[in-house]
Amino acid sequence: MKRNILLFPLFFVLFGALSQESLDLGYYLPKEIGYSADIPTPKEIIGHEVGEWHVSHDKLIFYLEVLAKTSGRITMENGGETYEGRPILTLTVTSPKNHKNIEKIRKEHLTLSELDGKSLDVEKMPLVVYQGFTIHGNEPSGSNAALAYAYYLAAAEGPEIERLLENTVILLDPCLNPDGLQRFAYWANTNKSQNLNPDNNEREYHEVWPGGRTNHYWFDMNRDWLPVQLPESKARIRTFHKWLPNILTDHHEMGTNSTFFFQPGEPTRVHPLTPKLNQELTAEIGTYHAKALDKIGSLYYSEENYDDYYYGKGSTFPDINGSIGILFEQGSSRGHIQESENGMLTFPFTIRNQFTTALSTVQAGLDMRVKILSYQRDFYKTAREEASRSKAQAIIFGDSKDAAKTWHLAEVLQRHQIKFHDLAKETTLNGKRYSPGNAYLVPMNQKNHRLIKAMFEKRTTFTDSLFYDVSAWTFPLSFNLDHEIVTSMEYAGTEVVQLEGLSSQVTAYSDYAYLFEWHEYYTPEALNMILEKGLRAKVAKYPFSIGGNSYDYGTILIPVQGQALLPKELHQFLGMVAEKSKIQINAVNSGLAQGIDLGSNELDPIKKQRVALLVGGGVRSYDAGEIWHLFDTRYNMKITKLDVDYFEKIDLSKYTDLIIPNLSGSSALSAKGIQNIKEWVKQGGTLIGYRNTAEWFAKNELMKLKFRKDTLVAKGVSFGEKGDFKGAQVTGGAIFNAKLDRSHPINFGYKNKALPLFRNTNVYIEPDKNSYNNPIQYTGSPLLSGYISEENLEMLKGSVPFQVQKLGKGKVMIFTDNTNFRAFWYGTNKLLMNAIFFGQMM
Ligand SMILES: [Zn+2]
């Protein structure tokens, strides 16, 4: 049976959209074909036309479930759950005939990237296209287009769609960020008027903090494709590797006054590990988008603004995996309609451009199928050749004192299907000890050779000085792991097929005391559990050794006597703590040690902490979310989010610590709020600030800081070059080396005298005149990986990324750098925990 789709002329829809009475599915769809009446339209299931309201995630999946049940072309899989419990769904769309052989097709497709791939006939193989929508929740045209696009794929009739589905497997990811989309849909819909109001000042177009862009913990999910720390990314990367798609598209939105962008981006800003042919194919696919957008009269651009550098983005990650990643950016109506430099921008118009390019993508794929399949085969063939020529045989990484952090990097490798081995035997390389269980070895000669390079390399020279995002992400540095490139496989033990859980234990029962060192990643979780139980614990300010074991700065002591638990209960409780936080707790039967004895005054008592976090307008939500996520999901510690809106009314005496993440505006707090903070610190509170808060602390006389400021003036720079000149001074994100004073409590738990730090600010603090007040200081040649301008590098040398000062009975601390960056900077997470637990000792 055929369905009649109403075909309104374009002008009618544009003007009609102000009332939306005339909005019809036909606005989006190709008009020259028929649609099956057996397939329900979105409106028949969710009660409104596509583009009339912002689809909530619930309604989106409700419709897609119906499609999957009704259409022989579609199956649906649930890959996991978001933090808020929403399913992470992928539709597989192909011909019913292909569906019958889908496992065979998938396996054959994966073989293409293997050695056996050379015998496959690509002429006979379907292309695999992964189409993902709305990774930023407040860029909704993608997911809303997915409604219409899924309908089209299910209902369209005729030889064209049949040929497409016969030759293509489409993995349709209707929403890459379910929690964010839901948050934004709620906002846009609750503010919608019957008489759509395009006034830019209308509340509908100004979301409340933190907006719907990010996920539950306010992470930008389009930076997590490589670190894979968030549940949405874990599900997605599983699907990616299950299929190794040939093309992956990522549908976004940009500013309201922009038109439409498709990749390729800036030609000079492509990562050097991405093959040239990748960009050429992207450009050829682009001609299909251009033609399709020309046909509906939409303006567009490419080869500008956006780049293809950081592999953690959805449109760049595929490029290092033999695939072709494509970014789309649509000027955003943000709500239902807005005035723009390009006239009235309606929500349906934005949806139609996304729909149109989703379709032009698969049409290009269909025409270029053999070429693109061959490209993927060649990508892995040449990668294997490079791998076999590689002088470096393997990379060893590990931390002799921190198994958990090492394990978590191995986990990332496993998610990317990178092979690695246990270490054969204890070994010392370049003065660093590597031991089995605390170290792994990654052979260079393997399928994902290029991906390994992209994750482990340090790069300090660049063809361009502008970056859309970070310029460095070297994983062993972000995890602060010792690492070494070796030219033989002699250190390789057995291959790790499945990572096993970490072991943990309390060595024995004791009537006297228990000890654990502070180096393991999850020790703050353990200490917090102990303090929350009302138990007494102390921290050692100096190293010592006892019972043949040596204990470093920051070792935690739990005496048995005088505790709230009986000795037997304490032993049992600590067993539970050790298991939960994956550490070893040692029983000791004597307090007599070499170095300080266990009863020494050089062990300080540690108090139970009550931590508050400033959030809301004027605070950068990413930085706040990273801290919330760290406390809540890694260390299982309660943290109270205090909103700037009601901050001045709060009695701060309940809290021991207040964290102020990076401030994006200076007016975050009222004068009374600032006064309250000052009084609270003077009474003994610990105030911890990050990044731009440094200047705010100085201005409000919470700290005395001397800043280094650049005096750069433009010489011989034309007006046209002004943007590039200024852009070159941005430190978008690079990695720098600092030397540590290990005796300072801020550095407890760090075994090395140096620490890589991630930096994306241009805040430079002069060191204090007393050396003991500079526990973390940038070295004389600090650049480890990434881009920084010469002028900024000069200022960075010898500057200090951390300061702590007394104010009354309290402490004020500043970190100029983000120690919690994007959940994968495991290496510096402990600095914040040290500030919390040991702040009063500093
Ligand atoms: Zn976006």
Side-chain angles (χ1 to χ4, degrees), residues 54-55 57 60 82 88 130-146 149 173-185 187-188 205-207 209-227 230 232-233 236 248-266 269 289 300-302 304-319 325-335 338 340 345 347 349-351 353-355 357-358 361 467-470 620-622 625 732-733 822:
H54 282 253
V55 75
H57 189 258
L60 176 64
T82 68
I88 299 163
Y130 187 124
Q131 296 183 281
F133 300 90
T134 304
I135 197 159
H136 295 137
N138 61 3
E139 300 174 3
S141 54
S143 283
N144 283 272
Y149 185 53
D173 193 332
C175 181
L176 297 158
N177 179 3
D179 295 348
L181 180 79
Q182 187 81 5
R183 207 154 70 225
F184 180 73
W187 178 261
Y205 314 120
H206 299 269
E207 279 175 280
W209 195 96
R213 176 182 171 89
T214 49
N215 80 344
H216 177 76
Y217 287 101
W218 312 335
F219 281 94
D220 186 335
M221 308 254 290
N222 194 32
R223 304 294 184 269
D224 193 43
W225 289 72
L226 200 57
L230 307 168
E232 296 89 345
S233 322
R236 178 175 317 138
L248 186 147
T249 55
D250 191 14
H251 291 258
H252 287 251
E253 289 186 4
M254 55 184 160
T256 303
N257 289 324
S258 299
T259 60
F260 189 91
F261 167 86
F262 54 81
Q263 270 180 334
E266 290 272 1
R269 287 156 55 187
H289 308 318
Y300 55 83
Y301 68 98
S302 76
E304 278 182 74
N305 292 25
Y306 298 95
D307 70 15
D308 235 343
Y309 197 85
Y310 171 46
Y311 288 121
K313 289 190 298 164
S315 49
T316 309
F317 174 79
D319 300 339
I326 295 171
L327 172 69
F328 295 117
E329 294 274 356
Q330 163 66 47
S332 183
S333 63
R334 211 59 76 191
Q338 268 198 78
S340 83
L345 182 61
F347 185 39
F349 176 79
T350 67
I351 296 172
N353 285 340
Q354 303 280 23
F355 176 94
T357 47
T361 299
F467 296 85
Y468 187 76
D469 196 70
V470 296
R620 204 163 172 272
S621 61
Y622 303 111
R822 289 179 185 168

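This structure is a prediction, so every number in the text was calculated from the model and none was measured. Note that ligands are numbered from 1 as they come in the structure, with each ligand's atoms numbered from 1 the same way. Counting from 1, the numbers follow the sequence of the chain as shown.
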Novice: Measure the spacing between NE2 of His251 and OH of Tyr149 and express it to the nearest 0.5 Å.
Specialist: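 Output value for this atom pair is 8.0 Å.
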
Novice: So which protein N/O/S atoms does the Zn ion (ligand 1) have within less than 2.8 Å?
Specialist: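 You should have found His136 ND1, Glu139 OE1, Glu139 OE2, His252 ND1.
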
Novice: Is the shortest side-chain heavy-atom distance between His136 and Phe184 below 4.5 Å?
Specialist: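 The answer is no; the side chains never approach within 4.5 Å.
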
Novice: If the plane angle is over 60° it's perpendicular, under 30° parallel, otherwise tilted; pick one for Phe262 and Tyr300.
Specialist: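 Correct class here is tilted.
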
Novice: Are Gln354 and Phe260 packed together at the side-chain level, in the sense that at least one heavy-atom pair is separated by less than 4.5 angstrom?
Specialist: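 Gln354 reaches Phe260 side chain to side chain.
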
Novice: Would you indicate whether the side-chain heavy atoms of Thr256 and Leu345 approach each other to under 4.5 Å?
Specialist: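 Side chain of Leu345 against side chain of Thr256, heavy atoms only: contact under 4.5 Å found.
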
Novice: If you define the side chain from C-beta out and look only at heavy atoms, does anything of Asn144 sit under 4.5 Å from Phe347?
Specialist: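 They are in side-chain contact.
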
